[in-house]
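Here's the structure, in structure tokens; my notes come after.
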Amino acid sequence: MKVHILDDWFDTLRGLPCFEKLSGHDVTVWTDHEPDPTKLAARIQDADALVLFRERTKVSAELLTQTPNLKLISQRSVYPHVDVPACTANNVMLCSNMQGGGANYAAAEMTLALILASYRQIPQQVASIRAGHWQMGVGRTLRGRTLGLYGYGRIAKAVAQYAKAIGMRVQWWASEEGRARATADGETVADNRKAFFATSDVVSLHLRLKPETRGLITADDLAAMAPRSLLVNTSRSGLIAPGVLETEIAKGRIHAAVDVFDNEPLNDTANPLLTHPNVLPTPHIGFVTEDEFDLQFNDIFDQINAYAAGEPIHVINPEVTS
């Protein structure tokens, strides 16, 4: 099969063990991002299979109608960036492993790193000493503070382990079902949603973005957070209602550490999430490690080989097989 891999910005996959799984295919790797559907379609005209790097490229009906040779899209996890009905209408199978094995420890480690960097002012201190100065301020200790984790899933549980190891208290909020599981596991669940935001020194979001979670975090939630508290988002920007975080940050009351944005790549240096001194921004690197890539693309390449063998796996739109 002719396989095109999109958005491998640093040409990383060729050097990973999982890439050997594509040895029987004709592979093209694109190391830049092409957002224009017509220009992208011209690039991948001969592709039988398209490999997506998470949500870096939107797969729209406009793109699919211009790629008549395409038979398979292979990716991992959720797919809000893929027009599934358009895939089906164009007889393109979407395969995506929704289970994803164990916790994404890369994302969990990134969450802890953002919390530590924010509380200890690490980026600012580095900038100060590189500019020929010495200390620029005084950070804060995490031990004894409360970490509020929103979403009772695998990544959040890994973050909880790290937080407890450095002496933080952990409390939870989630869906009714998630809160019930946390309680059954002996975890501390906040008395109510407002109390969760009000009593957490750090709030970290760990939810999948789907219709029922889009815009879940509201202006009232952020307003309930205590002064100087920290909101961390390594999940998806769309979990927060549009403009809500920017508005709250502008007040200078709370801090934020964000790895995800509404529009990515985000290059607008006037955006307050990039410029405000209370925000620590990183360019969606929560899952960006060689180890995590190898885990994820093992699944993705297995899906390609299964399709080539006539036995597709992790099929999202099985109706295309009829």
Side-chain angles (χ1 to χ4, degrees), residues 103 107-108 110-112 114-120 139-260 273 276 278-280:
M110 184 66 190
T111 301
L112 179 63
L114 287 174
I115 295 171
L116 286 164
S118 296
Y119 259 66
R120 297 304 299 272
R140 293 182 286 169
T141 302
L142 287 167
R143 186 175 185 85
R145 299 186 190 272
T146 299
L147 170 63
L149 293 167
Y150 198 131
Y152 194 65
R154 289 173 291 192
I155 296 176
K157 289 178 183 178
V159 175
Q161 290 179 334
Y162 302 154
K164 291 175 182 178
I166 60 174
M168 296 189 77
R169 296 188 294 266
V170 175
Q171 67 175 355
W172 298 83
W173 195 252
S175 64
E176 184 176 353
E177 188 272 336
R179 299 197 302 273
R181 287 190 290 114
T183 300
D185 289 342
E187 298 288 345
T188 299
V189 176
D191 292 337
N192 54 64
R193 183 188 182 99
K194 185 173 182 179
F196 170 80
F197 282 96
T199 61
S200 296
D201 297 293
V202 180
V203 172
S204 188
L205 307 180
H206 299 282
L207 299 155
R208 285 182 169 177
L209 181 60
K210 45 190 177 181
E212 54 266 38
T213 61
R214 183 173 291 277
L216 182 67
I217 308 303
T218 67
D220 288 342
D221 293 328
L222 300 189
M225 294 177 67
R228 300 186 75 200
S229 57
L230 173 68
L231 178 75
V232 182
N233 190 3
T234 57
S235 294
R236 292 295 182 270
S237 178
L239 296 171
I240 304 174
V244 163
L245 180 57
E246 291 88 340
T247 299
E248 191 64 35
I249 285 295
K251 299 174 184 176
R253 204 180 60 83
I254 68 170
H255 295 254
V258 291
D259 187 47
V260 287
L273 295 183
H276 197 284
N278 282 13
V279 181
L280 172 59

- Should Trp172 and Arg179 be marked as a side-chain contact (heavy atoms from CB on, under 4.5 Å) after you check the CA-CA gap, both sets of side-chain angles, and the distance that decides it? CA-CA 7 Å; Trp172 298 83; Arg179 299 197 302 273; over 6 Å; no
- Approximate separation, where rounding is to 0.5 Å, of Leu116 CG and Leu280 CG: 11.0 Å
- Message: Less than 4.5 Å apart, side chain to side chain, heavy atoms only: is that true for His206 and Thr111?
- Response: yes
- Message: If I take atom CG from residue Leu230 and atom CE from residue Met225, how far apart are they, to the nearest 0.5 angstrom?
- Response: 7.0 Å
- Val232 and side-chain contact (heavy atoms from CB on, under 4.5 Å): which partner among Leu149, Leu147, Ile115? Ile115
- Query: With a 4.5 Å limit on heavy-atom distance, are the side chains of Arg143 and Ile166 in contact?
  - Reply: no
- Message: For a 4.5 angstrom cut-off between non-hydrogen side-chain atoms, does Leu207 reach Ser235?
- Response: no
- Salt bridge flag under 4.0 Å for residues Lys251 and Glu248: yes
- Verdict with supporting geometry, Leu209 and Leu239, side-chain contact (heavy atoms from CB on, under 4.5 Å): CA-CA 6 Å; Leu209 181 60; Leu239 296 171; 4.2 Å; yes
- Looking at side-chain heavy atoms only, is the closest gap between Asn233 and Leu245 below 4.5 Å? no
- Message: Let me confirm one number: the OH-CG distance from Tyr152 to Asp185, rounded to the nearest 0.5 Å.
- Response: 3.5 Å
- Arg120 atom CZ, over 12 foreign heavy atoms within 6.0 Å: no
- Task: For Asp191, look at atom CG and say whether over 12 heavy atoms of other residues, nucleotides or ligands are found less than 6.0 Å away.
- Result: no
- Message: As a test of understanding, state which of Thr213, Ile217, Val260, Val258 forms a side-chain contact (heavy atoms from CB on, under 4.5 Å) with Leu205.
- Response: Ile217
- Item | Non-hydrogen atoms of Ser200 and Ser229 that approach each other most closely | O-CB, 3.9 Å
- Message: Checking side-chain polar atoms at under 3.5 Å, does Thr146 have a donor or acceptor matched by the opposite partner on Gln171?
- Response: no
- Message: Using side-chain heavy atoms (C-beta onward) and a distance below 4.5 Å, is Phe196 in contact with Asp221?
- Response: no
- Message: Let me confirm one number: the OH-CG distance from Tyr119 to Asp201, rounded to the nearest 0.5 Å.
- Response: 4.5 Å
- Task: Decide yes or no for Tyr150 and Phe197: does some side-chain heavy atom of the first lie under 4.5 Å from some side-chain heavy atom of the second?
- Result: yes
- Task: May I ask you to test the Arg145-Val202 pair for a side-chain heavy-atom distance under 4.5 Å?
- Result: no
- Query: Would you say Arg228 has more than 12 foreign heavy atoms packed within less than 6.0 Å of its CZ?
  - Reply: no
- Query: Going from CZ on Arg181 to OG on Ser175, what distance comes out if it is rounded to the nearest 0.5 angstrom?
  - Reply: 7.0 Å
- Message: Is any side-chain heavy atom of Leu231 closer than 4.5 Å to one of Ile240?
- Response: yes
- Task: Could you grab the distance from atom CE of Met110 to atom CD1 of Ile155, nearest 0.5 Å is fine?
- Result: 13.0 Å
